[in-house]
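Each ligand, and each atom within it, is numbered from 1 in the order the structure gives.
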Amino acid sequence: MSRTMVAGNWKMNTTPRQGHALVRDVLEKLGTPPTRVVFGVPEIQLMAVHEQLTDHPGYAVAAQNMHQEPRGAYTGEVSAEMLADAGVAYVILGHSERREYAGEDDDLINRKIVAAIAAGLKPIYCCGEKLAIREAGNQEVVVGKQVEQALGSLSPEQIREVVIAYEPVWAIGTGVTASSEQAQQMHDYLRRMIGNQFGSEIADNITILYGGSVKPDNAAELFAQPDVDGGLVGGASLDAQSFAAIVRAL
Ligand code: PGA
């Protein structure tokens, strides 16, 4: 399968009705997409969007979070098995907003990744450095440590299910994108890291997305980098025209 994909991360935006209209508009604009297209939608819309995508090959739905335990007394939480049974294919894990606002760290994210894969979901694992780390030139050390903690314990069979999203925190929702050189450098570093642990066949096939202010006017240059396999798109995924343009850029 091709490495490429574009995933939208709607975050806590759109009501179910608005979400339905957004998916309808994207389907209208893109038809059968030239690459995998994933909608990361609010939990309450997962089943409806999954249903809306029936008979539309190339599209899939992603959750934005899940609990690490399979079931039990965890009021308000949702398990991997529930998501899989509802037709969800992917789950975004370790997004910087969950690290920041829900206190998630890479040990917890590792447990979520393992639980997701066990239930048949594909985790989209997010990593990335904050601005001060970038300014000090320590991004490879810090992101490397995140990836080591979150993915280092996985087996080769498990890592094959994982999509990595490199999202420098300073680029998320700020309008400041990493330059294509900065993105390529980190993606190359991550792919080499995966290669060192899991071998080149797995490293060559793992999908590594870039996220952080991807827009129609910068997508093509980012996606042209040899190790940038697509994007995890926040703000621009809420507008059908922008999102479709980003998919076409890939
Ligand atoms: P952004 O968000 O595209 O709005 O910067 C990206 C993300 O948080 O995944």
CD/E77: more than 12 non-hydrogen atoms of other groups inside 6.0 Å: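 Yes, because the 6.0 Å sphere around CD of E77 holds more than 12 heavy atoms from other groups.
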Interatomic distance, T207 atom OG1 to R36 atom CZ [nearest 0.5 angstrom]: 4.5 Å
Any A171 heavy atom less than 4.0 Å to ligand 1: yes
Heavy atom of A236, distance to ligand 1 below 4.0 Å: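 The answer is no, since A236 has no heavy atom less than 4.0 Å from ligand 1.
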Partner of M5 by side-chain contact (heavy atoms from CB on, under 4.5 Å), out of L250, V163, D229: V163
Matching residue for L151 among I109, I159, N110 - test: side-chain contact (heavy atoms from CB on, under 4.5 Å):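 Among I109, I159, N110, the one meeting side-chain contact (heavy atoms from CB on, under 4.5 Å) with L151 is I159.
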What about [X]: any of its N or O atoms under 3.5 Å from an N or O on ligand 1?
X	answer
K215	no
S213	yes
E97	no
G173	yes

Which atoms of ligand 1 sit under 4.0 Å from any heavy atom of [X]?
X	result
K11	2 (O), 7 (C), 8 (O)
G212	5 (O)
H95	7 (C), 8 (O), 9 (O)

Salt-bridge contact [X]-[Y] (side-chain N to carboxylate O under 4.0 Å):
X	Y	value
R3	D204	no
R111	E104	no
D188	R192	yes

Return the closest protein heavy atom for [atom] as residue, atom name and distance.
atom	answer
atom 9 (O) of ligand 1	E167 OE2, 2.6 Å
atom 3 (O) of ligand 1	G234 N, 2.9 Å
atom 4 (O) of ligand 1	G235 N, 2.8 Å

Nearest heavy-atom neighbours spanning H187 and D227: ND1-O, 2.9 Å
Closest approach of L222 to V228 (non-hydrogen atoms, all atoms of both residues): O-CB, 3.3 Å
Side chain, backbone, both or neither: the part of S96 lying under 4.0 Å from ligand 1 by heavy atom: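 Neither; nothing of S96 gets under 4.0 Å from ligand 1.
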Within reach of ligand 1, part of N9 (heavy-atom separation under 4.0 Å):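 Only the side chain of N9 comes within reach of ligand 1.
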